[in-house]
K.L.:
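Structure incoming, see below.
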Amino acid sequence: MTTATTTAAPGLAREFTAVLPENCVITDEVGLRSYECDGLTGFRQVPAVVVLPRDSEEVAACVRVCARHGVPFVARGAGTGLSGGALPVADGVVISLQKLRRILEIDVENRRAVLEPGVFNLDISRAAGPHGLYYAPDPSSQQVCTIGGNVAENSGGAHCLKYGFTTNHVLEMEVVLADGSVVTLGGPTTEQAGPDLRGLFLGSEGTLGICTKVTVRLLRKPEAVRTVLADFPSIEAAGETVGAIVEASIVPAAVEMMDSLAMEAAEAAVGAGYTVESPSALIIELDGPAEECDEQFAEITRICEDRGATRIHVADSTDERARVWKGRKAAFAAVGRISPDYIVQDGVVPRTRLAEVLSQIAAMGSEVGLRVANVFHAGDGNLHPLVLYSESAGEHEKAEDLSSRIAELCVELGGSLSGEHGIGADKACSMGRMFTDDDLAVMQRVRAGFDPDGLCNPGKVFPTPRLCGERPGPFRPHPLEEAGVISRL
């Protein structure tokens with residue numbers, strides 16, 4: 001773990017206090033350590049300075065200070081990311097957006113909302129709700145994650161099967177580039193002339209600039225909602241059911257899968273009504289016109305029964321439906337009840353290979369003596385395996401290795417390293433498994449077009465010599481370095 005020892009820190013702090021109030025510049029050791037990691041706590045780095053601008057103009061002013069001195073910076077929202085995307089840079093600056101929390105406009109007529117990046121995801125729907133509208137992307141952490149972070153990672157959520165990811169709902173963004181200039185990407189409508197720079201920025205994980213304002217689409221609340229909880233005798237049977245639903249030309253709003261370990265944890269936490277003895281369960285939600293929901297519900301019931309469902313339960317009230325979803329969305333945190341430590345992974349496979357990949361994950365976990373809990377977006381094949389381990393028992397490295405192998409297995413089976421959590425620092429060294437050197441070189445050229453000096457969130461997404469040449473994870477010195485035989489330049 002590195003401390004902030006840069007000799008430039010006092011001078012930087014003085015420059016920042018020229019553009020910000022003194023209480024918006026953090027330099028004390030205790031305060032800095034509050035920003036040393038995001039939700040992936042195995043990666044830690046204390047920054048030199050943390051600044052808390054209050055609006056877009058102050059964000060741009062802070063970036064200009066960094067640009068003048070060639071100091072790298074990392075934008076940070078709520079710090080809920082799970083890939084080390086908001087990990088500070090040694091001797092660098094963290095630009096926290098936590099004070100930019102205003103909902104600037106709810107445009108009911110055009111079904112749009114204009115937001116600052118620190119607005120919590122769920123608060124968008126709360127503000128739009130009285131007008132019969134809501135914001136569709138719903139990450140499990142939607143109560144605490146911010147729209148700025150959602151833009152950075154192109155976050156999805158349970159209902160992305162039908163409604164898509166953040167990129168499908170963002171119309172326009174105000175962005176501060178690496179030199180402190182401010183540009184607008186996208187526009188007030190879904191159709192724009194020229195290259196899609198809005199789409200390029202979305203999911204770029206803070207490597208192209210800082211989003212300081214975003215305009216999102218709002219949707220009309222559906223007429224009817226049907227939520228079904230179906231238990232299955234095996235994970236394979238649940239996986240086959242997902243494929244059969246899609247083959248029947250039914251596109252549910254959401255199809256989530258949980259295994260017995262995940263249900264055990266969630267049930268202990270919130271009492272969602274799960275059958276913890278069941279090997280697996282699907283949460284299937286339909287929404288839309290009432291007649292259509294009724295017809296599709298009948299078909300889904302038949303499909304579940306044909307695949308051996310041992311229980312099919314319909315949430316018959318708003319409260320019960322909320323309880324079912326509370327259990328699903330609390331699953332990550334609830335796993336702490338059954339394991340002292342765990343790593344959340346994120347990968348994607350084709351739906352047709354769900355049963356295969358889950359079987360292989362179970363075998364890989366058994367091989368190294370670690371349990372893996374599974375809770376994920378089954379409808380689009382977005383896996384979230386949770387590798388359970390004990391730090392005190394010395395299992396961290398083994399768990400970290402298994403987690404990386406699972407991500408790379410997804411690529412081998414025709415999928416992706418990440419569905420919504422991002423690459424960050426966690427999976428940068430695995431990018432070569434998914435992309436060729438030429439692919440990565442083109443991506444770097446695009447990045448350089450926005451940030452020629454590489455100041456925006458360096459060390460993330462792209463593999464570096466250190467990450468490529470060593471085992472992934474937090475930096476550890478080579479044994480020969482520790483013995484004084486070699487040194488690192």
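These figures come from a predicted structure and were not determined experimentally.
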K.L.:
I want to check something: taking the side chain as every heavy atom from C-beta on, are Gln192 and Glu172 in contact at a cut-off of under 4.5 Å?
P.N.:
no
K.L.:
Do Leu358 and Asp259 have side-chain heavy atoms sitting under 4.5 Å apart?
P.N.:
no
K.L.:
Are Arg68 and Glu15 within salt-bridge range, i.e. N to O under 4.0 Å?
P.N.:
yes
K.L.:
Exactly one of Val59, Thr146, Val119 should register a side chain to side chain contact (heavy atoms under 4.5 Å, CB included) with Leu97. Which one does?
P.N.:
Val59
K.L.:
May I ask you to check whether over 12 heavy atoms, not counting those of Asp28, lie within 6.0 Å of atom CG?
P.N.:
yes
K.L.:
Tell me if a side-chain donor or acceptor on Glu420 pairs with a main-chain N or O of Gly157 at a distance below 3.5 Å.
P.N.:
yes
K.L.:
Using atom types as modelled and distance alone, determine if a side-chain donor or acceptor of Glu205 lies under 3.5 Å from a backbone N or O of Ile423.
P.N.:
yes
K.L.:
Between Thr436 and Asp438, is any side-chain donor less than 3.5 angstrom from a side-chain acceptor?
P.N.:
no
K.L.:
Should Glu412 and Gln360 be marked as a side-chain contact (heavy atoms from CB on, under 4.5 Å) after you check the CA-CA gap, both sets of side-chain angles, and the distance that decides it?
P.N.:
CA-CA 12 Å; Glu412 292 171 16; Gln360 289 197 44; 5.8 Å; no
K.L.:
Look at the side chain of Arg112 and the backbone N and O of Asp107, then say whether any donor-acceptor pair between them is shorter than 3.5 Å.
P.N.:
no
K.L.:
Please give me the minimum heavy-atom distance between Gln345 and Ser403, naming the atom from each residue.
P.N.:
NE2-OG, 2.7 Å
K.L.:
Between Ser125 (side chain) and Leu122 (backbone), is there a donor-acceptor pair under 3.5 Å?
P.N.:
no
K.L.:
Find out whether Pro21 and Arg54 are in side-chain contact, i.e. whether some heavy atom of one side chain is under 4.5 Å from a heavy atom of the other.
P.N.:
yes
K.L.:
With side chain to side chain contact (heavy atoms under 4.5 Å, CB included) as the test, pick out the partner of Arg447 among Arg445, Met443, Gln444.
P.N.:
Gln444
K.L.:
Is a side-chain N or O of Asn457 found less than 3.5 angstrom from the main chain of Gly85, in a donor-acceptor match?
P.N.:
yes
K.L.:
Does Asn150 have any side chain to side chain contact (heavy atoms under 4.5 Å, CB included) partners at least two apart in sequence or in another chain, and if so, which?
P.N.:
Asn121, Pro139, Cys145, Ile147, Ser155, Thr166
K.L.:
So, for Leu417 and Met434, which heavy atoms are closest and what is the spacing to 0.1 Å?
P.N.:
N-SD, 3.6 Å
K.L.:
Keeping Arg111 on the side-chain end and Leu133 on the backbone end, is there a donor-acceptor pair under 3.5 Å?
P.N.:
no
K.L.:
From Glu174 CD over to Ser56 OG, what is the distance, rounded to the nearest 0.5 angstrom?
P.N.:
3.5 Å
K.L.:
How long is the gap from CD on Glu397 to CD on Glu391, to the nearest 0.5 Å?
P.N.:
9.5 Å
K.L.:
So among Asn168, Asp196, Val151, which one has a side chain to side chain contact (heavy atoms under 4.5 Å, CB included) with Leu202?
P.N.:
Val151
K.L.:
Taking atom NZ of Lys326 as the centre, report whether more than 12 heavy atoms of other residues, nucleotides or ligands fall under 6.0 Å from it.
P.N.:
no
K.L.:
Would you say that Leu208 contacts Cys456 through its side chain, given a criterion of any heavy-atom pair below 4.5 Å between the two side chains?
P.N.:
no
K.L.:
How close do Met258 and Ala331 get, heavy atom to heavy atom, and via which atoms?
P.N.:
CE-CB, 4.2 Å
K.L.:
In terms of side-chain geometry, is the basic nitrogen of Glu256 or Arg328 positioned less than 4.0 Å from the acidic oxygen of its partner?
P.N.:
yes
K.L.:
Using every non-hydrogen atom in the two residues, find where Gly365 and Val372 come nearest and quote the distance to one decimal.
P.N.:
CA-CG2, 4.4 Å
K.L.:
For residues Ala127 and Ile103, report the shortest heavy-atom separation together with the two atoms involved.
P.N.:
CB-CD1, 3.7 Å
K.L.:
Measure the shortest side-chain to side-chain distance between Asp346 and Lys427 over non-hydrogen atoms and say whether it is less than 4.5 angstrom.
P.N.:
yes
K.L.:
Which heavy atom in Ser83 sits nearest to a heavy atom in Glu153, and how many Å separate them?
P.N.:
OG-OE2, 4.3 Å
K.L.:
One pair to check against side-chain contact (heavy atoms from CB on, under 4.5 Å): Asp91 and Val71. What are the steps and the verdict?
P.N.:
CA-CA 8 Å; Asp91 294 347; Val71 174; over 6 Å; no
K.L.:
Given side chains that start at C-beta, do those of Leu200 and Phe450 come closer than 4.5 Å, heavy atoms only?
P.N.:
yes
K.L.:
I'd like to know if the side chain of Gln45 reaches the main chain of Val89, judged simply by a donor and an acceptor atom lying under 3.5 Å from each other, with no hydrogens or angles considered.
P.N.:
no
K.L.:
Nearest 0.5 Å please: distance from the OG atom of Ser430 over to the CD atom of Glu408.
P.N.:
3.5 Å
K.L.:
Are the charged groups of Lys329 and Asp138 less than 4.0 angstrom apart, N to O?
P.N.:
yes
K.L.:
Decide side-chain contact (heavy atoms from CB on, under 4.5 Å) for Val387 and Tyr342; before the verdict, give the C-alpha distance in whole Å, the side-chain angles of both, and the deciding distance to 0.1 Å.
P.N.:
CA-CA 5 Å; Val387 179; Tyr342 59 93; over 6 Å; no
K.L.:
Please check this pair: side chain of Arg217 against backbone of Thr189, looking for a donor-acceptor N/O pair closer than 3.5 Å.
P.N.:
no
K.L.:
Less than 4.0 angstrom from a charged side-chain N to a carboxylate O is my criterion; do Asp401 and Lys398 meet it?
P.N.:
no
K.L.:
Using the side chain to side chain contact (heavy atoms under 4.5 Å, CB included) definition, which of the options Ile406, Val348, Val357 pairs with Leu383?
P.N.:
Val357
K.L.:
So Asp451 and Thr207, do their side chains get closer than 4.5 Å, heavy atoms only?
P.N.:
no
K.L.:
Ring-plane angle category for His421 and His384, please: parallel below 30°, perpendicular beyond 60°, tilted otherwise.
P.N.:
parallel
K.L.:
Donor-acceptor check, side chain of Asn382 to backbone of Gly347, threshold 3.5 angstrom: yes or no?
P.N.:
yes
K.L.:
Measuring from Ile95:CD1 to Ile210:CD1, what's the distance to the nearest 0.5 Å?
P.N.:
4.0 Å
K.L.:
Any side-chain heavy atom of Phe376 sitting closer than 4.5 Å to one from Leu354?
P.N.:
yes
K.L.:
To the nearest 0.5 Å, tell me how far Tyr35 OH sits from Leu87 CG.
P.N.:
15.5 Å
K.L.:
Would you check if the side chain of Glu395 reaches a backbone N or O of Ser390 as a donor-acceptor pair within less than 3.5 Å?
P.N.:
yes
K.L.:
Hey, what do you get for CZ (Arg433) to OG (Ser404), rounding to the nearest 0.5 Å?
P.N.:
9.5 Å
K.L.:
Evaluate His169 against Leu219 for side-chain contact (heavy atoms from CB on, under 4.5 Å), listing each step before the verdict.
P.N.:
CA-CA 9 Å; His169 299 270; Leu219 302 183; 4.1 Å; yes
